[in-house]
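Presented below is the structure to which this report refers.
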Amino acid sequence: MKYKDYYAILGVAREASDEDIKRAYRKLARKYHPDVSKEADAEEKFKEVSEAYETLRDPEKRTASEQLGRHRAGQEFRPPPGWAEQFGVGGEDGADLGDIFEHIFGAGRFGQGGRSGHGRDYEARVHLTLEQAARGTDIALALPGGQATARVRVPKGVTDGDRMRVPGKGMPGARGGKPGDLYLDIAIQPHRLYRVSGHDLYLDVPLAPWEVVLGGAVDVPTLDGRIAVSVPAGARAGQKLRVSGRGLPRPRGGAGDLYCVLSIVTPAHPGEQEKKLYADLARASSFNPRAHFE
Amino acid sequence: MNRPLLRQILDEHFEVGFAELARYCGLPHAHLLELVQFGVIEPLAASRSGGEADWRFTGRALALARRAARLQSGFELDAPALALAVQLFERIDALERRVRELECQLPG
């Protein structure tokens, strides 16, 4: 199995006192706790730190870990003969040191302790494309330890920030125990066109100056193909046109809305003819957009 | 009551009793009870007048209780500190949601 140097993980010396260990853990917990940290690998780091703390704070576990001798972190090693057996478990290759401690001493405060053999709950964040969220999708999630893969159907209707509970799809149980539950935190990846707020979608719709002045029908893309949206004459930049029911579907039927956010754009390189027409327009118009400055 | 579903979205349609909530979130019973008493985790209005056995909670309450459990085990917080932390996190969540919502409305 792979050696884990719990002292190095917490950044404490081998002779560290209980108080040193607690202080080091608290500092790292503030840095990596998944509810607090914004760091990308916070979840993994926090698990490692918790496992180290769980082992070193408990005198019995600390002694057991010291009996393993010193190795490089990550190095393949065999526990001394009889080490695992004295606790009634096998120390086979490929086993995870943290799992063995858990088998020996039972789950700690982390996860679902107390229920004998019951697998732990597992929480994971899943990143879906907007299209996957709109139509529903199947995901396959590798559970840690390489023991199992959770296959889950994410139904249509979920959106960014939703949470799902999938009973029995968490970590496998030990000794015939039931598996834990899986909790999914749904995140929607940024989309090329749409911004997501709940089940509503926001789409920027750039308009040419004459489209804004004259109004008219404009083709816009939706999740189910293009539709014509009627832009009123005299529309303003930043104005939102609501298209009912064209947002993300809701889990129990119906759908959010699509908001077209209007903006006015001008040609970067107008032709001579265009410039002339604008010059004519400037002369012909009495419109003063800055009348309120007067 | 919920039928046993293969998957459940933790929204206002998801409902559990106090015992299930405690089992699903893994918080010690006394801690969870205190969070309810502090008003951090609220039973559904219709069930609030009854006792513990009558209380019903939504999926949102479960998500909140699980966060409380993570914070409790990670930082070894007592119930009043836990209640405060959970409340502040809820406020941050609400503010972040509002910022995202407003950002959506601005032409990108």
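By convention in this document, chain letters (A, B, ...) are assigned in the order of the sequence lines, proteins followed by strands, and residues within each chain are numbered from 1. Hydrogens, waters and symmetry mates play no part in the numbers below; they use all other heavy atoms, side chains included.
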Report task. Give a yes-or-no answer on whether the side chains of A:Thr159 and A:Asp162 include a donor-acceptor pair shorter than 3.5 Å. Result -> no
Query raised in the report: Of the backbone (N, CA, C, O) and the side chain (C-beta and beyond), which part of A:Asp204 lies under 4.5 Å from a heavy atom of chain B, both, or neither?
Result: side chain
Report task. Test A:Leu241 against every option in A:Val231, A:Leu258, A:Leu203, A:Val220 by the side-chain contact (heavy atoms from CB on, under 4.5 Å) rule and name the one that passes. Result -> A:Val231
Query raised in the report: A:Arg252 versus chain B, heavy atoms under 4.5 Å apart: side chain, backbone, both or neither?
Result: side chain
Query raised in the report: Measuring heavy-atom distances to chain A, does B:Asp11 have an atom under 4.5 Å in its side chain, in its backbone, in both, or in neither?
Result: side chain
Requested in this report: For the pair A:Glu48 and A:Lys45, find out whether any cationic side-chain nitrogen is under 4.0 Å from an anionic carboxylate oxygen.
Outcome: no
Query raised in the report: Which atoms of A:Val205 come close to chain B, meaning under 4.5 Å heavy atom to heavy atom: side chain ones, backbone ones, both, or neither?
Result: neither
Query - Side chain / backbone / both / neither for A:Pro155 at chain B, heavy atoms under 4.5 Å - result: both
Report task. Please look at B:Gln105 and chain A and tell me whether the side chain, the backbone, both or neither of the residue comes under 4.5 angstrom of a heavy atom of that chain. Result -> both
**Report entry** Structural part of A:Tyr183 lying under 4.5 Å from a heavy atom of chain B
**Finding:** side chain
Query - Heavy-atom proximity to chain B below 4.5 Å, by part of A:Asp160 - result: side chain
Query raised in the report: In Å and rounded to the nearest 0.5 Å, what is the CD to CG distance from A:Glu43 to A:Asp35?
Result: 9.0 Å
Report task. Check the angle between the aromatic planes of B:Trp55 and B:Phe57 and answer parallel, tilted or perpendicular using the 30° and 60° thresholds. Result -> perpendicular
Query raised in the report: For A:Lys156, does the NZ atom sit with more than 12 other heavy atoms under 6.0 Å from it, leaving out its own atoms?
Result: no
Query - B:Leu62 portion near chain A, given a 4.5 angstrom heavy-atom threshold - result: side chain
Query - A:Leu223 side chain reached by A:Leu248 side chain, heavy atoms, under 4.5 Å - result: yes
